[in-house]
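What follows is a set of notes on a single structure, which appears directly below.
Remember, it's a predicted structure, so these values are computed and weren't measured experimentally. Convention: sequence-line order gives letters A, B, ...; per-chain numbering from 1.
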Amino acid sequence: MIEKLLTETFKQAVKDLYGQEITGKSAAIQKTRPEFEGDFTFVVFPLLRFSKKSPEQTAEEIGNYFTKNVDEVEKFNVIKGFLNLSLSNAFWLDFFNKNRNKKDYGKKQPGNGDPVVIEYSSPNTNKPLHLGHIRNNLLGWSVSEILKANGENVKKVNLVNDRGIHICKSMLAWQKWGEGKTPQSTGVKGDKFVGDFYVLFDKKYKEQVNELTEKGMDKDEAAKNAPLMQEAKTMLKKWEEGDEEVRKLWAEMNGWVYDGFDVTYERLGVEFDKIYYESDTYLLGKAIVEEGLEKGVFFRKEDGSVWCDLSDEGLDEKLLLRADGTSVYMTQDLGTAQLRYNDFHPRELIYVVGNEQNYHFEVLKLILKKLGRDWADSIIHLSYGMVELPHGKMKSREGTVVDADDLMDEMYETAKKTTEELGKYNDFSEEEADRLYHILGLGALKYFILKVDPKKTMMFNPQESIDFNGNTGPFIQYTHARIRSVIRKGKEAGYDWSSEDLKNSDILPKEKSLIKLLYEYPQTVEQAAKSFSPATIANYAYDLAREFNQFYQEITILKEEDESKRAFRLALAEFTGNTIKSAMWLLGIVVPERM
RNA sequence: GGUCUCGUAGCUCAGCUGGAUAGAGCAGCAGCCUUCUAAGCUGCGGGUCGCAGGUUCGAGUCCUGCCGGGAUCACCA
């Protein structure tokens, strides 16, 4: 990496010229801003106390040191205290030739060290996936790929919350009003089918609560005492006791849900190396609670409930086991964390979970530490912001939930409509067209969501999400298709740009800025991994596509008569196309050859 | 109320560990297809970076306070 050499030289220059050792902080290298001439810039203000000279003079002296000692530095200019270094064309050309044919440019070989386990998706089995889950799934998948590209041994896992009161509600409603119907008999997708009964339960339950309050019962009392809630609780108890009939129905209805989820996952393009089910792991959590009691880390209250006192850490007491002995969320999560540690002995244990659970994960880590699990520090809560709609938050109660399948349908339709309106590719077969609409629709959706910093709350405006112009997935996909078109035509014409040593004596500004951007890809991938941020990749892909389009607009490729220039530009286009494809892959977005 | 978090153009978002005149897209207006895909390119207008202090040669970025939004503090998950 040339930056390293430049930084070292900078430090050495200060030492030789002013007799001062400086740290990396005062030798920070940065890209030269496009409005100035140069490639890399150092700021000399911090050195003035050593040089005892003006900023201009100091920069001038160091600049001279560079041109004298570093071959790659061709020239420099000084503006105020900024030293702008220009690297030689030979350097950029060398970088270009050495890297443009690398299969995995910008990516490191996947490692086989201690794995990084990343949990994402984590659905409940009582309702279909919605927009919030989509952000989670896209983030999880993309961060996994980004970590892989940085040489991590990544294991994707899913933790399905398949037990608890929520699924009992669906089961109960189906028993009462299902009339023996099934997804097969009705043709309704399994997860939707079960979700409908969950909604039905809620409706009937509310009716009961209203009846009770009208009779004068206190609202909280009514909520607790409504017969349906009582029945659901009884069912949960029976489930925990292993009641055969309840377990059978439970398995069947969960099966329907999984069939539905599979379809959605497949379409979304996510998958997992291992799937955990809470029904398999919650008992381990109870065992850990016992262990904590024996160690004196937890304590039991008079009513029999178990707690952990976190007041020394500035937090409250946390419940770990209800008075009736049933487990709560934290209990289960202690169990699943332990299990995952046992299974993988991971270097890092990443949870892709919304920021509404920040407190939960803080507590989880504290409790594990109290229990003496030194690996608690390897737990990373990849906390992402909520998705909001123009009218406000998604509320299932108010029917403002954006269903994942519906959303993908809409994106597909928009892709179809837009393509047809533009009158493109009527020669596509039905399968080809279908595939293209799928790629474009999903590309738009994924890019729209992933381009926003994961940590931030994001606004999902349906109007804007289906836009295919500007900073969008289809724009980048289009750029790729354009490049492939040029490449195809170049090959048809019999042009050859395969040489390992392409020459170009005068690189044009637009060519130069493209090369510089390509040069930044590897460090962008590293940065994205460090910050767990697909948005970093998305923004890069957009910049690259935009830069290419400017180049493409301004400079002819195929019609260039100078053979070496033509070959150089074809190679540059191909390198750019490959890098766009690579970056988009890290976002889970496929790029088409034609569109 | 405690803790955490966010506040950048009309709207949606960039702005890496502090660095030059704060950038894109959308929306609006005006141009560019007999030339490699116009899902593109170019130009114009639009900003007291919530407010006030502080640290620094230098603050959108760091610190403090205030204002405003959100999350959380459940025997829900």
query: Any Lys/Arg nitrogen of D562(A) or R566(A) sitting under 4.0 Å from an Asp/Glu carboxylate oxygen of the other?
result: no
- prompt: For R163(A) and N254(A), does a side-chain donor sit closer than 3.5 Å to a side-chain acceptor?
  reply: no
Salt-bridge contact D496(A)-K491(A) (side-chain N to carboxylate O under 4.0 Å): no
query: With respect to the phosphate group of U37(B), does any side-chain polar atom (N or O) of K489(A) fall under 4.0 Å of OP1 or OP2?
result: yes
query: When you check the phosphate oxygens OP1 and OP2 of A39(B), does a side-chain N or O of Y478(A) lie under 4.0 Å from one of them?
result: yes
- request: Would you indicate, yes or no, if U12(B) has its OP1 or OP2 atom less than 4.0 angstrom from a side-chain nitrogen or oxygen of N471(A)?
  value: no
message: So that I can tick it off, tell me whether D303(A) and K301(A) are bridged by a salt bridge, with the cut-off set at under 4.0 angstrom between side-chain N and carboxylate O.
response: no
task: Taking only the side-chain nitrogens and oxygens of K318(A), find out if one of them lies under 4.0 Å from OP1 or OP2 of C75(B).
output: no
- prompt: Any side-chain N or O of R33(A) less than 4.0 Å from the OP1 or OP2 oxygen of G23(B)?
  reply: yes
query: Reckon S531(A) touches a base, only the sugar-phosphate, or nothing at all at heavy-atom distances under 4.0 Å?
result: nothing
query: Which part of the nucleic acid, if any, lies within contact of M386(A), taking any heavy atom under 4.0 Å across all strands shown: a base, the sugar-phosphate backbone alone, or nothing?
result: nothing
statement: RNA chain B nearest-nucleotide lookup for L315(A) and Y552(A): closer to the 5′ end is L315(A)
- request: Determine the contact category for V43(A): base if any of its heavy atoms lies under 4.0 Å from a base atom, sugar-phosphate if only primed atoms, P, OP1 or OP2 are that close, otherwise nothing.
  value: base
